[in-house]
Amino acid sequence: MKLADAFASVTRRRPAFIPYVMAGDPDMETTAAVLRALASAGATAIELGIPYGDPLADGPTIAAAGVRALAAGATVEAVLALVARIAPEISASIVLFTYFNPLERYGLERFARDAAQAGAAGAIVPDIPLEESEELRAIFAHHGVDVPMLVAPSTPPERAAKIAAASRGFLYVVSRLGVTGAGSEPDFAPLRSQLSTLRAATDLPIALGFGVSRAEHVRAVAGEVDAVIVGSALIDALAGLRGTDAAAATTRFVDELFSGS
Amino acid sequence: MPIEPNARGYFGAFGGRFVPEVLVAALDELEGAMRAAFADSTFWNEYREVLRDFVGRPSALYPARRFLGENVPTPLLFKREDTNHTGAHKINNTVGQALLAMRMGKRRLIAETGAGQHGVATATVGAKFGLPVDVYMGALDVERQALNVYIMQLLGATVHPVTGGTQTLKDATNEAFRVWAARVEESFYVIGSVVGAHPYPYMVREFQKVIGEETRAQCLERYGRLPSDVIACVGGGSNALGIFSAFVDDADVRLWGVEAAGEGIASGKTAAALGAGSVGVLHGSRSYLLQSERGQVLETHSISAGLDYPGVGPEHAYLKDSGRASYVAVTDDEALGAFHDCARREGIVPALESAHALAFAKKLALERGSDALIVVNLSGRGDKDIAQIRALGERSEGTR
């Protein structure tokens with residue numbers, strides 16, 4: 001499903017839910033089961049990580065998940081095959097999450113075309129800032145694949161407005177300095193000071209990520225942001241589980257995350 | 001004049017800034033402060049004063065008369081970076097970055113290190129200037145380089161073992177970037193080579209170009225001419241760019257970068273990014289790197305920990321593709337041979353990194369006549385490698 005359609009169907013009771021899952025961790029069948037469980041539990045979009053051995057923007061949880069997925073043989077081709085299989089079955093949009101080097105190696109044009117054909121709605125590339133992303137954004141736009149861009153707490157207002165204007169699908173607002181991970185608390189102060197700038201620059205849904213891991217975090221920003229992105233906490237909750245066990249744990253995790261929302 | 005990167009930090013097609021958005025503002029702040037400092041003569045005066053009084057510069061340009069053997073008449077000079085305080089060229093750069101950090105009001109230093117040389121050089125300036133230092137080092141390297149870990153601790157630095165990935169320099173660099181991202185407001189990330197996102201490759205070269213400036217002046221003063229060939233080892237490539245930069249406009253001076261072939265380029269157990277790699281993005285910039293067909297960064301191998309790195313500075317990629325510099329690779333065994341020759345014939349125990357440059361000098365000297373003038377950048381001393389060499393020696397004694 002296109003991201004615009006997915007967000008249009010969100011009821012406003014609570015922020016939309018965008019979980020992050022590492023494809024192929026610990027195997028593709030488990031990932032397939034988790035994707036279905038997430039969609040059933042009401043995910044609006046799902047970030048599907050393509051594993052990379054040197055993930056600069058990620059903390060230890062997602063980095064370790066990537067190592068496990070690579071060891072299990074996950075490749076770009078295998079992840080796209082999974083998307084092609086699952087995307088038609090589920091209501092949530094699938095947004096690929098990939099570092100730039102494996103993406104460029106696969107080929108920007110080829111990746112955009114194959115991702116679109118597989119039914120992916122978007123692609124996030126966390127290590128390519130606005131200045132380096134022009135060609136990529138143009139190619140992906142041509143194939144109808146949205147590229148959500150990231151704004152950090154350290155991003156000055158003028159630059160944040162430019163990034164917001166260039167973003168497609170949604171705008172990914174990073175809650176705190178540093179990397180992904182449930183370890184330290186998210187900080188909502190930078191977000192609050194940036195929100196008016198961002199809202200003025202774009203009509204896109206605003207999604208908050210990095211450190212969002214618990215129900216109280218979701219409640220704290222409900223009404224301010226349109227979506228919450230949760231990755232490391234979900235991966236921690238699925239540690240060591242496979243297949244239907246992982247799917248059941250996924251459902252419990254989502255129930256807990258939105259309890260009281 | 002050394003090559004200037006363009007406004008986005010590119011040397012030709014190489015360089016740039018491939019980093020998470022969270023680091024862009026920090027890199028902008030760093031670039032602004034760097035440009036202001038570089039335009040300020042008081043900054044350079046202080047830098048030169050510290051290099052003179054603390055590092056012990058200028059380093060000598062030494063005629064190595066016995067290294068090549070009696071039958072080879074080619075004049076050979078060593079630029080003696082091994083005589084610097086802390087034993088390598090690394091300190092030129094850490095002095096510059098520490099001074100810049102203080103100018104920016106940063107209160108802590110972060111560094112990555114492989115063998116520990118850059119970690120020691122950063123811990124040293126941290127102690128000298130009173131700045132706390134956090135060093136990130138692969139857990140495997142912490143084990144292999146216990147002595148340097150202890151020296152860093154003696155100097156007051158905190159060494160953090162990095163357990164992710166291959167537990168070596170590549171992963172230590174990833175971790176240093178991540179930690180910097182979380183602490184950009186108070187911390188300054190001191191990168192140890194001409195790698196990373198713009199402006200690091202340019203800035204580190206500017207802090208190392210003193211090697212080339214001295215070499216050029218010493219050559220002209222003593223020999224009345226420029227060298228025919230300049231040779232330096234290349235891991236990330238900072239000692240090489242330091243000496244090359246003074247000669248890039250002198251078309252008659254041939255520049256040679258020597259990478260670590262490891263067990264041989266074809267063996268797959270290599271660290272020669274320019275010789276065996278392909279173009280990609282690692283640690284924030286576009287350059288050559290050792291990577292798989294699928295764009296995953298490969299594990300590397302070299303007898304020399306300082307050259308055991310899958311990437312290389314973007315300016316080297318530019319010098320390679322433009323043809324201005326030539327890049328060759330030397331195996332572990334060739335480097336070891338040169339290491340022993342240098343110790344026995346010159347009374348200098350070189351770093352294993354520098355031994356790669358020396359090994360190529362032996363080959364090149366055979367092609368050059370007595371009117372050539374070859375300069376080797378002897379980038380560091382070999383004290384740090386003694387335990388490793390000794391273990392290798394005992395092993396080969398045993399098999400004889």
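Chain identifiers are assigned alphabetically (A, B, ...) following the order of the sequence lines, protein sequences preceding nucleic acid strands; residue numbering begins at 1 within each chain. In what follows, every heavy atom counts, from backbone to side chain, and hydrogens, waters and symmetry copies are set aside. Here the structure is a predicted model, which is why all the values come from computation and not from measurement.
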Colleague: Side chain from CB out, backbone as N, CA, C, O: work out which of these in B/Q291 comes under 4.5 Å of a heavy atom of chain A, or both, or neither.
Modeller: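 Looking at B/Q291, just its side chain touches chain A.
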Colleague: For a quick test of reading the model, state the closest non-hydrogen atom pair linking A/Y52 to B/G295 and the distance between them.
Modeller: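 Looking at all heavy atoms of both residues, the closest pair is CE1-O, 3.4 Å.
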Colleague: Does any heavy atom of chain B fall under 4.5 Å from the side chain of A/P55, the backbone, both, or neither of them?
Modeller: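 Looking at A/P55, backbone and side chain both touch chain B.
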Colleague: Can a side-chain donor-acceptor contact be found between A/R105 and B/S278 if the only test is distance below 3.5 angstrom?
Modeller: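 Checked: B/S278/A/R105 side chains pair up, N/O donor to acceptor below 3.5 Å.
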Colleague: Based on non-hydrogen pairs under 4.5 Å, which of A/E132, A/E131, A/E77, A/R176 is most in contact with chain B?
Modeller: A/E132
Colleague: Given heavy-atom pairs under 4.5 angstrom as the criterion, report whether the side chain, backbone, both or neither of B/V179 touches chain A.
Modeller: neither
Colleague: Side chain, backbone, both or neither: which part of B/V22 has a heavy atom under 4.5 Å from chain A?
Modeller: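 Backbone plus side chain of B/V22, per the 4.5 Å heavy-atom cut-off to chain A.
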Colleague: Please report the closest heavy-atom contact between A/V179 and B/R178, naming both atoms and the distance.
Modeller: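 That closest heavy-atom pairing would be CG1-CG, 3.5 Å.
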Colleague: Check each atom of B/E29 against the heavy atoms of chain A and say whether the ones under 4.5 Å are side chain, backbone, both or neither.
Modeller: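 It is neither, since no heavy atom gets under 4.5 Å.
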Colleague: Do you know which of A/V76, A/V67, A/T155 has the most heavy-atom pairs under 4.5 Å to chain B?
Modeller: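 Greatest number of close heavy-atom pairs with chain B: A/T155.
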Colleague: Pick from A/L70, A/V151, A/L103: which one has the most heavy-atom pairs with chain B under 4.5 Å?
Modeller: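 The candidate making the most pairs under 4.5 Å is A/L70.
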Colleague: Could you look at A/E104 and say if it's the side chain, the backbone, both or neither that has a heavy atom under 4.5 Å from chain B?
Modeller: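 Answer is side chain: those atoms of A/E104 sit under 4.5 Å from chain B.
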Colleague: With chain A as the partner, which of B/A26, B/G280, B/A181, B/G284 has the greatest number of non-hydrogen pairs under 4.5 Å?
Modeller: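 Going by pairs under 4.5 Å, I would pick B/A181.
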Colleague: So which heavy atom on B/V281 is nearest to which on A/N101, and how close?
Modeller: N-OD1, 2.8 Å
Colleague: State, to 0.1 Å, how close B/N174 and A/D54 come at their nearest heavy-atom pair, and which atoms those are.
Modeller: ND2-OD2, 2.9 Å
Colleague: Which bit of B/T166 comes within less than 4.5 Å of chain A, counting heavy atoms only: side chain, backbone, both or neither?
Modeller: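 Neither part; nothing is under 4.5 Å.
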Colleague: Around atom CD of A/E135, are there more than 12 heavy atoms of other residues, nucleotides or ligands at under 6.0 Å?
Modeller: no
Colleague: What residue among A/I163, A/D127, A/V174 forms side-chain contact (heavy atoms from CB on, under 4.5 Å) with B/E21?
Modeller: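 Exactly one candidate clears the test, A/I163.
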